[in-house]
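Below is one structure, written out as structure tokens, with a few remarks after it.
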Amino acid sequence: MQTLTLSNMLHQHFPDALHFSLLKSSKTHQETQQLHAFSLKTGVFSHPSLSSRLLSLYADPNINNLRYARSVFDRIQHPSLVLWNIILKCYIQNQQSHEAISLFVLLLGHFPPDEFTFPCVIKACAKLTALKEGKQIHGLVLKLGFGLDKFVQASLVNLYSKCGEIGSGYTVFDQMDEKDLVSWNSLLDGYARCGEVKAAMKVFDEMPEKDCFSWTVLIDGLAKCGEVETARKIFENMPNRNLVSWNTMINGFMKAGDTNSACKLFDQMPTRNLITWNSMIGGFKLNLRFLEALEMFERMLEEEFRPTHATLVSVISAVSGLASLGTGRLIHSYIVKNGIELDGVVGTVLIEMYSKCGGIDSAVTVFRTISHKKLGHWTAIIVGLSIHGMADHALKLFLEMRRIGVKPNAITFVGVLNACSHVGLINDGYKYFNMMINEYGIKPAIEHYGCLVDILCRAGCLEEAKDIIEEMPMRPNKVIWMTLLSGARNHRNTKIGEYAAQYLIELAPETTGGYVVLSNMYAVAGEWEKVSKVREMMKKRGLRKDPGCSSIEHKGVVHNFIVGDKSHPQTKEIYSKLAEMREKLKLAGHVPDTSQVLLYIEEEEEKEAELENHSERLAIAFGLNNTEAGCPIRIMKNLRVCSDCHSVTKLLSKIYSREIIVRDNSRFHHFKDGLCSCKDFW
DNA sequence: GTAGGGTTAG
């Protein structure tokens, strides 16, 4: 009824005084807006007390409409400091910390700030962990004599705690006359964030009173310092848990890799919110439990929670981990259907997802449709193109990003160097490696040296690669040795191969890949005695060659095949397709390359049969049988594709006129018209 | 004043 009366009254002119009293009594957003519209229409708006009242209504936490508050503020000719403080507070309430700081800078041009201004802007700095700006403002606080105001002090304690400068935080805290609970909690939080568990515990014990925040901050701090068991005990003893404490404990368990305890809490907790779901989904993703992450996401949607960007990032990364293009497409279409805008990170993980799932074309499309491209987007597409062997495209984009002034980071350079190595561009590799150091001041990490070693190995410059390894400033890891070993195998350099294998086995005796490559190298050289020595070494250490395993997704189902698999329901059809493939390959003139068969099979025929049953061939046969002509076949493999399968797949792509995309343990191969995108460089 | 998001070499 009140609204009705109001709108009736609004049709007439009111004297300012009456209007003001109406505003004073208006409580809801709707009423405020009606009065706002009326004020604008009748011109009474210009009355300073009316506009102030209107501004404070819009800035009121219950209404909190920043857009309207700002528009009222902008129409006020000479806003007082009080009004500046109100609009500043409204920015903070709306999490617009950057804008709040800009506003504060503007304010400085009109007034010296007061004891209400400072806590607001310091809060903004704390939110952004902007320590430098915070310190400058602290300086101003002291200069203007607000250093002993308790609200200013409390905000400073919080600022320094958030920014990891707990020493400065303690100095301010120590000077406080009245140490309020909020500041105690901030101090506790500060120690926990700095990893000073003992100091945090001491603060916790010394606190004159504790509330839910205190307990939760301590639990979070303990969990973040890796003391999840202590955190669990605190959580169990805590008197009044709220939703935040439950969520904090769940996160603690997830970060510690204890998904079971996290699930138990999730089941037990009285209520859940978005953050609960995000913590579970992100936690499963973090622990590489991708399927469970997706299941959680489905449950979340069933319970009608709307995913946030954080949810989507975790879910999309989980899809990348599963390399399930079908699922990735579903989630992408969910994003489009629901009009969810891609923020920087979601866009980046979407590009990564498509490229890791073998859909590099879609990755490029997503990249193209992003209007304000950030470093993450450029890096993701450059890395994506490089693992697909599309070096030209990757390097073209790299030049473009430089041209428009986007500064590459260390990861971008991994992509760039990787692109060079996958197509054998030695000179470019060196050029970009030096560019990274000299032009961008990026210190090469082991990954960059890894790329350089790889570039040299592929080009057959094994001695040079060995020199790089010996001269680089960090200890080589197993990836480096594996790269050199594989290079030696490819270029039939047994001496360097043995050298690399020795270090590799010393460093990571449990890595089966090393023994396999070493033994293959001996097999190629016909040194069968050494082959059996390697085999014995593996046997003695209880190691077995990982079985090759390939998967193909069809109509939302992932079909897995291991070498010689006969467990698939379509086994009969698959093997008859394999027989057909064998005939067609023979007609095309293919001679099986049995030189790298690790197993002890004396008869050539058996060796050939072993090759024919390699998991990727079973998957290809399944793909040819089950997918439409013209539809690319995408296969994911756990091991490196053997050289025979590589030449066979090239031929098959021509014989059956099919694009076949195979991801092995390090990159993608696009087989088309009898050629592979890796140009046999892999 | 407390809880939730991605990145790299074999």
Side-chain angles (χ1 to χ4, degrees), chain A residues 123 126 154-155 157-158 161-162 180-190 192 211-221 223 242-252 254 273-283 285-286 307-317 320 343-353 356 375-377 379-380 382-384 386-387 409-418 421-422 444-455 457-458 477-487 500 504 511 513-514 517 640 664-667 682:
Chain A
K123 204 190 265 184
S155 64
V157 173
N158 180 242
S161 295
K162 279 273 187 317
D180 61 332
L181 181 54
V182 173
S183 300
W184 275 104
N185 285 341
S186 294
L187 190 72
L188 176 61
D189 193 24
D211 65 359
C212 212
F213 280 65
S214 329
W215 290 83
T216 306
V217 165
L218 185 64
I219 291 167
D220 192 41
N242 65 7
L243 183 51
V244 180
S245 30
W246 284 89
N247 286 343
T248 304
M249 196 62 244
I250 285 182
N251 270 308
M254 283 300 195
N273 67 2
L274 247 174
I275 295 180
T276 320
W277 289 98
N278 286 353
S279 303
M280 289 302 288
I281 295 168
K285 191 249 124 192
L286 186 74
T308 61
H309 283 155
T311 327
L312 293 168
V313 168
S314 298
V315 169
I316 297 168
S317 308
S320 299
D343 76 352
V345 185
V346 176
T348 304
V349 293
L350 205 53
I351 295 170
E352 276 164 15
M353 181 278 289
K356 285 181 180 168
L375 173 62
H377 302 126
T379 299
I382 289 171
V383 171
S386 90
I387 60 172
N409 68 8
I411 303 170
T412 322
F413 275 103
V414 173
V416 170
L417 295 173
N418 199 17
S421 87
H422 283 322
I446 195 151
E447 288 90 347
H448 301 109
Y449 283 103
C451 291
L452 206 54
V453 169
D454 193 43
I455 290 173
C457 283
R458 283 170 207 272
N477 60 10
K478 62 177 184 177
V479 179
I480 297 272
W481 292 125
M482 191 68 182
T483 309
L484 188 63
L485 174 58
S486 305
L504 177 61
T511 310
V517 176
R640 185 180 185 273
D664 66 10
N665 58 5
S666 71
R667 58 166 294 160
W682 95 102

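It should be emphasised that the depicted structure is a prediction, and the values quoted were computed from it without experimental measurement.
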Working to the nearest 0.5 angstrom, can you tell me the gap between A/Ser214 OG and A/Ile219 CD1?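 Separation between the atoms: 10.5 Å.
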Which residues pass the side-chain contact (heavy atoms from CB on, under 4.5 Å) test with A/Asn477, not counting sequence neighbours?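 Partners of A/Asn477 by the side-chain contact (heavy atoms from CB on, under 4.5 Å) criterion, ordered by chain and then number, come out as A/Ile446, A/Val479, A/Ile480.
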Could you check whether [X] gets within reach of a base, just the sugar-phosphate, or nothing at all, counting any heavy atom under 4.0 Å?
X: A/Asp180; answer: nothing
X: A/Leu188; answer: nothing
X: A/Asn477; answer: base
X: A/Thr308; answer: base
X: A/Asp211; answer: base
X: A/Gly513; answer: nothing
X: A/Thr216; answer: base
X: A/Lys478; answer: nothing
X: A/Val349; answer: sugar-phosphate

B/dG10 base / A/Asn665 side chain donor-acceptor hit below 3.5 Å: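 When only heavy-atom distances are counted, A/Asn665 does not reach the base of B/dG10 through any donor-acceptor pair under 3.5 Å.
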Shortest side-chain distance from [X], nucleotide among [options]:
X: A/Ser279; options: B/dT2, B/dG4, B/dG6; result: B/dG4
X: A/Asn278; options: B/dA3, B/dG4, B/dG6; result: B/dG4
X: A/Ile411; options: B/dG5, B/dA9, B/dT8; result: B/dT8
X: A/His422; options: B/dG10, B/dG5, B/dG4; result: B/dG10
X: A/Val313; options: B/dT2, B/dG5, B/dA9; result: B/dG5
X: A/Val345; options: B/dG6, B/dG10, B/dA3; result: B/dG6
X: A/Val346; options: B/dG5, B/dA3, B/dG4; result: B/dG5
X: A/Cys451; options: B/dA9, B/dA3, B/dG6; result: B/dA9
X: A/Glu352; options: B/dA3, B/dT7, B/dT2; result: B/dT7
X: A/Val414; options: B/dG5, B/dG10, B/dA9; result: B/dA9

Please say whether more than 12 non-hydrogen atoms of neighbouring residues, nucleotides or ligands are located less than 6.0 Å from NZ in A/Lys123. no
Going by atom types only, do A/Asn273 and A/Asn247 share a side-chain donor-acceptor pair under 3.5 Å?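 Yes, because at least one side-chain N or O of A/Asn273 sits under 3.5 Å from a partner of the opposite role on A/Asn247.
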Taking atom types as modelled, is there a side-chain donor on A/Thr311 or A/Thr308 under 3.5 Å from an acceptor on the other?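 Side chains of A/Thr311 and A/Thr308: pair found under 3.5 Å.
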Provide, to the nearest angstrom, the distance between the [atom1] atom belonging to [X] and the [atom2] atom belonging to [N].
X: A/His448; N: B/dG10; atom1: NE2; atom2: P; answer: 13 Å
X: A/Leu375; N: B/dT8; atom1: CG; atom2: P; answer: 14 Å
X: A/Asn409; N: B/dG6; atom1: CG; atom2: C1'; answer: 12 Å
X: A/Arg458; N: B/dG10; atom1: CZ; atom2: P; answer: 6 Å
X: A/Lys285; N: B/dG6; atom1: NZ; atom2: C1'; answer: 7 Å
X: A/Arg640; N: B/dG10; atom1: CZ; atom2: P; answer: 11 Å
X: A/Asn242; N: B/dA3; atom1: CG; atom2: C1'; answer: 9 Å
X: A/Met280; N: B/dG4; atom1: CE; atom2: P; answer: 15 Å

Applying ring pair (Phe, Tyr, Trp, His ring centres under 6.0 Å), can you list everything that pairs with A/Trp481, at least two apart in sequence or on another chain?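 If we apply the ring pair (Phe, Tyr, Trp, His ring centres under 6.0 Å) test to A/Trp481, skipping adjacent residues, the hits are A/Tyr499, A/Tyr503.
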Under-4.0 Å side-chain N/O to phosphate OP1/OP2 contact, [X] with [N]:
X: A/Asn158; N: B/dT2; answer: no
X: A/Lys356; N: B/dG6; answer: no
X: A/Lys162; N: B/dT2; answer: yes

Have a look at A/Met353 and tell me which of A/Val315, A/Thr348, A/Ile316 forms a side chain to side chain contact (heavy atoms under 4.5 Å, CB included) with it.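 Of the listed options, the one satisfying the test is A/Ile316.
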